[in-house]
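All ligand and atom numbering here is 1-based and tracks the order in the structure. Being a predicted model, the structure only gives us computed values, none of them experimental.
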Amino acid sequence: MDLGLDGRRVLVTGASGGLGAAIAAAFVAEGARVLAAGRDPGHPVPDGVAAQVRLDLTAPDAARTLVDTAVRELGGLDTVVAAAGGAVRGRFDDLDDGVWDAGLELNLRSTVRLMRAALPLLRGSTAGRVVLLSALSASEPRAGHVVSNVGKAGVTALAKTLSREWAPDGILVNAVAPGRVRSRQLDRAFPDDEARAAFASQHIPLGRFGAAEEVAPIALLLGSPRNTYVTGQTVGVDGGMAASV
Ligand SMILES: NC(=O)c1ccc[n+]([C@@H]2O[C@H](COP(=O)([O-])OP(=O)(O)OC[C@H]3O[C@@H](n4cnc5c(N)ncnc54)[C@H](OP(=O)(O)O)[C@@H]3O)[C@@H](O)[C@H]2O)c1
């Protein structure tokens with residue numbers, strides 16, 4: 001199926017990490033012109049991207065810088081994939097405002113600012129599409145990760161709200177909710193094969209962690225002009241892990 005991505009102008013944040021990098025690479029493979037945003041210069045973004053930028057998305061002016069770069073390098077934006085983020089460990093009793101502020105800045109507010117900055121460009125596209133990286137823990141919160149649970153629930157609610165408010169502009173907004181997918185942060189939490197296998201056999205019906213390349217096709221479809229009638233959805237990519245109907 002041709003997703004109509006040839007020449008499409010795509011911004012991917014978190015493109016120097018597991019899921020974002022796989023998504024950016026998949027867009028490149030389909031002929032899209034990708035602006036890849038990472039933070040750490042030591043973490044590469046995929047080959048073949050049209051442009052790349054390194055910045056800390058929790059900085060108040062980062063979203064503006066990204067969008068200005070997209071205008072300069074791509075001439076606009078058709079698709080935005082917000083994949084930067086990460087789990088924040090800690091039980092509620094142990095956390096102070098500093099942890100909450102930093103965790104919500106990264107997992108929610110940076111995405112809010114990016115959406116605000118990108119909206120004029122998405123309105124200028126003939127088929128604006130947005131894909132936000134949420135998490136299974138938004139709908140099935142994990143004990144010991146309260147900050148990222150709350151932040152990702154906010155991301156899911158943001159996607160739904162924007163899908164309604166931006167529908168008249170033809171902008172479709174969806175979220176993807178991974179369960180346990182191998183990436184830098186997941187490999188920190190589950191460093192060895194035995195720990196992953198033990199967890200997967202108990203909690204994941206398909207019996208294994210996912211690969212970032214298994215998330216990418218979903219983001220590609222949702223972020224493509226071929227998607228014309230799916231908006232406001234959160235699509236789980238979790239090997240069957242979600243327990244809710
Ligand atoms: N992997 C999973 O199973 C899973 C499950 C649920 C949700 N998710 C979500 O999926 C997304 C991707 O996660 P991942 O597992 O691929 O993680 P990852 O491998 O750790 O990659 C995280 C990415 O986010 C970037 N990033 C982190 N903090 C940043 C900041 N302050 N400013 C700019 N960029 C920043 C990193 O940039 P640098 O590396 O350059 O610092 C990296 O590109 C996240 O939103 C995560 O919450 C993943």
Side-chain angles (χ1 to χ4, degrees), residues 11-26 34-46 49 52-66 69 80-89 101-114 130-142 145 147-156 158-159 175-191 195-196 199-200 203-204 206 208-216 218-219 234-242:
L11 166 63
V12 182
T13 72
S16 54
L19 277 54
I23 292 167
V34 174
L35 169 58
R39 178 183 50 175
D40 184 336
H43 294 163
V45 299
V49 298
Q52 55 179 287
V53 59
R54 309 281 167 171
L55 37 66
D56 183 345
L57 278 170
T58 65
D61 57 351
R64 186 74 264 148
T65 303
L66 268 185
T69 307
V80 177
V81 180
V88 181
R89 284 169 174 266
D101 288 347
L104 293 181
E105 277 297 324
L106 173 61
N107 283 299
L108 179 58
R109 295 213 49 214
S110 69
T111 305
V112 170
R113 286 192 293 265
L114 180 58
V130 173
V131 182
L132 306 182
L133 264 291
S134 183
L136 172 60
S137 60
S139 56
E140 299 185 7
R142 296 193 275 167
H145 291 82
V147 173
S148 38
N149 293 343
V150 170
K152 291 299 191 183
V155 167
T156 297
L158 180 66
V176 172
R180 298 290 185 283
V181 177
R182 296 284 302 273
S183 70
R184 197 176 299 121
Q185 61 158 333
L186 251 283
D187 285 359
R188 274 197 303 272
F190 292 90
R196 282 195 296 276
F199 181 93
H203 299 289
I204 306 177
L206 287 182
R208 61 176 177 83
F209 280 35
E213 291 71 22
E214 294 176 292
V215 179
I218 309 302
T234 297
V235 180
V237 185
D238 61 10
M241 197 177 161

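- When Ala24, Gly85, Gly38, Ala62 are checked for heavy-atom proximity to atom 22 (C) of ligand 1, Gly85 turns out nearest.
- Those atoms of ligand 1 that come under 4.0 Å of a heavy atom in Leu106, given as number and element, are 28 (N), 29 (C), 30 (C), 31 (N).
- Each of the atoms 32 (N), 33 (C) of ligand 1 lies under 4.0 Å from some heavy atom of Leu55.
- Annotation for ligand 1: atoms under 4.0 Å from non-hydrogen atoms of Asp56 are 30 (C), 31 (N), 32 (N).
- Around atom 7 (C) of ligand 1, the closest heavy atom drawn from Ser134, Gly151, Ser183, Gly179 belongs to Ser134.
- Looking at every heavy atom in both residues, Val181 comes nearest to Leu19 through CG1-CD1, 3.6 Å.
- Among all heavy-atom pairs drawn from Leu66 and Leu35, the shortest one is O-CD2, 3.7 Å.
- For ligand 1, the polar-atom distance check against Asn107 finds no nitrogen or oxygen pair separated by under 3.5 Å.
- Taking any N or O of Ala87, backbone or side chain, none lies under 3.5 Å from an N or O belonging to ligand 1.
- Under a 4.0 Å criterion applied to the non-hydrogen atoms of Gly86, ligand 1 contributes the atoms 47 (O).
- Each of Ile23, Val130, Val176, Thr13 was evaluated against Val81; a single residue qualifies, Ile23, per the side-chain contact (heavy atoms from CB on, under 4.5 Å) test.
- The shortest contact between atom 16 (O) of ligand 1 and any protein heavy atom is with Leu19 N, 2.8 Å.
- A donor and an acceptor atom, one from each side chain of His203 and Arg180, are nowhere located under 3.5 Å apart.
- Closest of all the heavy-atom pairs between Gly42 and Pro44 is O-CD, 3.5 Å.
- Checking Val112, Asp56, Leu57, Thr58 one by one against Glu105, the side-chain contact (heavy atoms from CB on, under 4.5 Å) holds for a single residue, Thr58.
- Nearest-heavy-atom check against atom 24 (O) of ligand 1 across Ala84, Ala37, Ala22, Pro44 picks out Ala84.
- Contact annotation: for Leu186 versus ligand 1, heavy atoms closer than 4.0 Å belong to the side chain alone.
- Closest heavy-atom approach to atom 13 (O) of ligand 1 among the candidates Gln185, Arg188, Arg54: Gln185.
- For atom 4 (C) of ligand 1, the nearest non-hydrogen atom from the set Ala83, Pro178, Ser16, Pro41 belongs to Pro178.
- Put simply, CZ on Arg54 and OG on Ser16 are 5.5 Å apart, with the number rounded to the nearest 0.5 Å.
- Counting all heavy atoms, side chain and backbone alike, Leu133 lies closest to Lys152 at O-NZ, 2.8 Å.
- Residue, atom and distance of the protein heavy atom nearest to atom 1 (N) of ligand 1 are Val181 O, 2.9 Å.
- Relative to atom 27 (C) of ligand 1, the option among Arg39, Met241, Arg182 with the closest non-hydrogen atom is Arg39.
- Atom OG1 of Thr69 sits about 7.5 Å away from atom CG of Leu55, to the nearest 0.5 Å.
- Closest of all the heavy-atom pairs between Ser148 and Gly86 is CB-O, 3.9 Å.
- With hydrogens and angles disregarded, no donor-acceptor distance shorter than 3.5 Å links the side chain of Arg142 to the backbone of Ser137.
- Those atoms of ligand 1 that come under 4.0 Å of a heavy atom in Gly17, given as number and element, are 19 (O), 21 (O), 42 (C), 43 (O).
- Atoms of ligand 1 lying under 4.0 Å from at least one heavy atom of Lys152, given by number and element, are 44 (C), 45 (O), 46 (C), 47 (O).
- The nearest heavy-atom contact from the protein to atom 19 (O) of ligand 1 is Gly18 N, 2.9 Å.
- Heavy atoms of Val176 come nearer than 4.0 angstrom to ligand 1 in no pair at all.
- For the pair Ala216 and Ala22, the tightest heavy-atom approach, listed with the atom from each and the gap, is CB-O, 3.7 Å.
- Between Thr58 and ligand 1, a contact under 3.5 Å exists for no N or O pair.
- Atom NE2 of His43 and atom CZ of Arg184 lie 4.0 Å apart (nearest 0.5 Å).
- Here the heavy atom of the protein found nearest to atom 23 (C) of ligand 1 is Gly14 CA, 3.8 Å.
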